[in-house]
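Okay, structure first, notes after.
In this chain, residues are counted from 1 in sequence order. FYI, side chains are in, hydrogens and waters are out, and symmetry mates aren't considered; it's all heavy atoms of this structure.
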Amino acid sequence: QVQLQEWGPGLLQPSQTLSLTCAVYGGSITTNYYWSWIRQPPGKGLEWMGVITYEGTTDYSPSLVSRTSISRDTSKNQFSLQLSSVTPEDTAVYYCARGLCSGLGCYPTMDYWGKGTLVTVSS
């Protein structure tokens with residue numbers, strides 16, 4: 001069974017860079033699937049942030065593209081999220097997930113999710 005686990009610092013100050021890593025177990029990030037980052041601010045809905053495909057190409061939400069970078073380490077079967085210049089509005093639970101495509105409409109294809117990690121941006 002595929003499992004995903006995300007981790008990283010839970011507290012940041014404004015202007016810092018958020019950095020999270022998602023480890024994938026039971027499946028290779030280089031085969032078949034798209035690997036997404038999604039977040040959910042307190043009291044709000046899910047927001048798709050971006051994806052890295054099994055080929056290593058990336059795609060980002062237009063609202064976040066200027067600040068977002070997704071990369072991978074195939075030797076560790078991990079992919080990572082970098083979100084620069086964070087503000088308190090970036091406070092959210094951050095998830096990684098496996099899916100079949102890129103974008104908001106792909107939520108129904110996301111069959112495996114990490115449990116999420118809370119990142120708080122505060123001075």
Side-chain angles (χ1 to χ4, degrees):
Q1 185 176 14
V2 176
Q3 296 182 355
L4 286 75
Q5 180 181 6
E6 60 274 272
W7 73 88
L11 180 63
L12 296 171
Q13 294 182 349
S15 82
Q16 292 184 326
T17 295
L18 179 153
S19 182
L20 298 174
T21 299
C22 180
V24 179
Y25 306 95
S28 175
I29 63 171
T30 64
T31 56
N32 297 333
Y33 294 96
Y34 289 56
W35 307 90
S36 288
W37 286 98
I38 305 97
R39 69 180 183 180
Q40 186 170 32
K44 299 182 180 180
L46 296 170
E47 179 185 17
W48 180 82
M49 301 182 69
V51 67
I52 188 162
T53 76
Y54 61 95
E55 295 179 323
T57 59
T58 55
D59 193 20
Y60 303 106
S61 168
S63 65
L64 297 171
V65 63
S66 65
R67 298 194 292 133
T68 307
S69 179
I70 298 173
S71 59
R72 67 179 184 174
D73 185 338
T74 58
S75 69
K76 298 180 179 179
N77 210 42
Q78 298 175 345
F79 63 105
S80 299
L81 170 72
Q82 304 280 329
L83 182 68
S84 65
S85 303
V86 298
T87 74
E89 292 185 350
D90 293 311
T91 295
V93 176
Y94 286 76
Y95 301 92
C96 56
R98 186 184 83 167
L100 295 175
C101 53
S102 174
L104 178 64
C106 296
Y107 287 137
T109 76
M110 296 179 186
D111 53 354
Y112 290 97
W113 293 64
K115 293 182 178 179
T117 185
L118 175 64
V119 178
T120 300
V121 181
S122 176
S123 62

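Looking at residues two or more places apart in sequence or on another chain, you find no salt bridge (Lys or Arg N to Asp or Glu O under 4.0 Å) involving Asp73. With sequence neighbours excluded, the residues forming a side chain to side chain contact (heavy atoms under 4.5 Å, CB included) with Tyr54 are Tyr34, listed by chain and number. For Tyr112, there are no ring pair (Phe, Tyr, Trp, His ring centres under 6.0 Å) partners at least two apart in sequence or on another chain. With sequence neighbours excluded, the residues satisfying ring pair (Phe, Tyr, Trp, His ring centres under 6.0 Å) with Trp37 are Phe79. Thr21 is linked by a side chain to side chain donor-acceptor pair (under 3.5 Å) to Ser80, counting only residues two or more places apart in sequence or in another chain. Looking at residues two or more places apart in sequence or on another chain, you find no salt bridge (Lys or Arg N to Asp or Glu O under 4.0 Å) involving Arg72. Taking Ser19 as the reference, Gln82 meet the side chain to side chain donor-acceptor pair (under 3.5 Å) condition, with sequence neighbours excluded. With sequence neighbours excluded, the residues forming a side chain to side chain donor-acceptor pair (under 3.5 Å) with Thr57 are Thr53, listed by chain and number. Every residue was checked against the ring pair (Phe, Tyr, Trp, His ring centres under 6.0 Å) condition with Trp7, not counting sequence neighbours, and none meets it. Partners of Thr109 under the side chain to side chain contact (heavy atoms under 4.5 Å, CB included) rule, at least two apart in sequence or in another chain, are Leu100, Cys101, Cys106.
The heavy-atom pair separating Ser71 from Ile52 by the smallest distance is C-CD1, 3.9 Å. Heavy-atom minimum distance, Val24 versus Ile29: CG2-CG2, 3.6 Å. Looking at every heavy atom in both residues, Gly50 comes nearest to Ile70 through C-CD1, 3.3 Å. In terms of heavy-atom proximity, Glu47 sits nearest to Ser63 at OE2-OG, 3.5 Å. Here the closest heavy-atom approach between residue Asp90 and residue Arg39 is recorded as OD1-NH1, 2.8 Å. Of all the heavy atoms in Ile38 and Ser36, the pair that sits closest is CD1-CB, 3.8 Å.
A single hydrophobic cluster is not seen to contain both Tyr25 and Tyr95; linkage of ILVMFWY side chains at heavy-atom distances under 4.5 Å, directly or through other members, places them apart. Cluster membership check: Val86 shares its hydrophobic cluster with Leu81, using side-chain heavy-atom separations under 4.5 Å among Ile, Leu, Val, Met, Phe, Trp and Tyr. Transitive grouping of hydrophobic side chains (ILVMFWY, heavy atoms separated by less than 4.5 Å) keeps Leu4 and Val93 in distinct clusters. In the hydrophobic clustering of ILVMFWY residues, with side-chain heavy atoms under 4.5 Å counting as a link, Trp48 and Leu20 come out apart.
The structure places CD of Glu6 at 5.5 Å from SG of Cys22, a figure rounded to the nearest 0.5 Å. Atoms OG and OH, from Ser66 and Tyr60 in turn, are 11.5 Å apart once rounded to the nearest 0.5 Å.
Grouped with Leu11 in a hydrophobic cluster is no other residue, since no side-chain heavy-atom contact under 4.5 Å to another Ile, Leu, Val, Met, Phe, Trp or Tyr is found.
Screening Leu18, Thr68, Thr17 for a side-chain contact (heavy atoms from CB on, under 4.5 Å) involving Ser84 leaves a single residue, Thr17.
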List, one per line, each side-chain donor-acceptor pair under 3.5 Å for residues 113-123, sequence neighbours excluded.
from: Trp113; atom 1: NE1; to: Met110; atom 2: O; distance (Å): 3.1

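Counting heavy atoms from C-beta outward, Asn77 and Ser28 have side chains that approach closer than 4.5 Å.
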